[in-house]
Asks: 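Sharing a structure here in structure tokens format.
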Amino acid sequence: MNKSLAAIIITAILSGCQTADETLATSSTPISVTGATASAIAGDMASRLAEQVGPAGTTTLKMEKDTSEYAAALEAALKGWGYTVATDEKVGKDQKPVEFTWSIDSFDGQVLAQVSTPAVALGRVYTATSSGATPASPLSVMQRN
């Protein structure tokens, strides 16, 4: 029942994220996830985003500069998948980076993580553990046209 509720909430949240144009909403204020929890969630979300965006090596991802441990873990995980990640750096005029935002929030004692590009929004609920985090819901994928 808890997983069903989480899936419904993720779907409702992601359906509310649709925009009329290709602009993205800014990232929400992250909760404090650190260490192994931040790394586990970032690694899973990065691998899921990699399934949805262009190929590594040819796709540059652009995210807002953030000093949180989760943002650093997400950036490192995406680089580990072979992506160039731009924060405040200028990109070449011939490059069109894929902009993405992320959020990580607390929900009912669990962690709701989301990443979003103009083409797709992903979300998943996790249970934080002493050694990291485990998915507590299926991955929610919303593709935009």
Asks: Test your reading of the model: is there a side-chain donor-acceptor pair from Thr59 to the backbone of Ala56, 3.5 Å cut-off?
Replies: no
Asks: Enter the distance from Met45:CE to Tyr70:OH here, rounded to the nearest 0.5 Å.
Replies: 5.5 Å
Asks: At their closest point, which heavy atom of Ala121 faces which heavy atom of Arg144, and how far apart are they?
Replies: CB-NH2, 3.6 Å
Asks: Please round to the nearest 0.5 Å and tell me the distance separating atom OG of Ser103 and atom CG of Leu112.
Replies: 6.0 Å
Asks: Kindly give the heavy-atom pair with the smallest separation between Ala38 and Ala73, and that separation in Å.
Replies: O-CB, 3.9 Å
Asks: Restricting to side-chain contact (heavy atoms from CB on, under 4.5 Å), what partner residues turn up for Ala133, sequence neighbours left out?
Replies: Thr37, Ala40, Ile41, Tyr126
Asks: Looking only at non-hydrogen atoms, find the nearest pair between Ala71 and Met63 and report the distance.
Replies: O-CE, 4.0 Å
Asks: Name all residues meeting the side-chain hydrogen bond (donor to acceptor under 3.5 Å, both in side chains) criterion together with Tyr83; count only those two or more places apart in sequence or in a different chain, and write none if there are none.
Replies: none
Asks: Is there a donor-acceptor pair under 3.5 Å between the side chain of Glu99 and the backbone N or O of Leu61?
Replies: no
Asks: In Å, rounded to the nearest 0.5 Å, how long is the span from CD of Gln143 to OG1 of Thr117?
Replies: 9.5 Å
Asks: If you round to the nearest 0.5 Å, how far is OG of Ser116 from CZ of Phe100?
Replies: 10.5 Å
Asks: Using 0.5 Å steps for rounding, measure from the CD atom of Gln114 to the CG atom of Asp105.
Replies: 7.0 Å
Asks: Return the minimal non-hydrogen interatomic distance between Lys62 and Pro97, and the atom names on each side.
Replies: CB-CB, 4.0 Å
Asks: Sorted by first residue and then second, give each salt bridge (Lys or Arg N to Asp or Glu O under 4.0 Å) pair with at least one member in residues 31-43; sequence neighbours left out.
Replies: none
Asks: What residues, two or more places apart in sequence or in another chain, satisfy side-chain contact (heavy atoms from CB on, under 4.5 Å) together with Thr127?
Replies: Gln110, Thr134, Ala136
Asks: Between Met142 and Val120, does a side-chain contact (heavy atoms from CB on, under 4.5 Å) hold up when you go through it step by step?
Replies: CA-CA 6 Å; Met142 182 183 76; Val120 68; 6.0 Å; no
Asks: Provide the closest heavy-atom pair for Gly43 versus Trp81 in the form atom of the first, atom of the second, distance.
Replies: O-NE1, 4.5 Å
Asks: Can you tell me how far apart CG (Leu122) and CD (Gln52) are? Round to the nearest 0.5 Å.
Replies: 5.5 Å
Asks: Decide yes or no for Leu49 and Leu78: does some side-chain heavy atom of the first lie under 4.5 Å from some side-chain heavy atom of the second?
Replies: yes
Asks: With sequence neighbours excluded, tell me which residues meet side-chain hydrogen bond (donor to acceptor under 3.5 Å, both in side chains) with Ser106.
Replies: none
Asks: Scan residues 33-49 for pairs that pass salt bridge (Lys or Arg N to Asp or Glu O under 4.0 Å), counting only residues two or more places apart or in two chains.
Replies: Asp44-Arg48, Asp44-Arg124, Arg48-Glu51
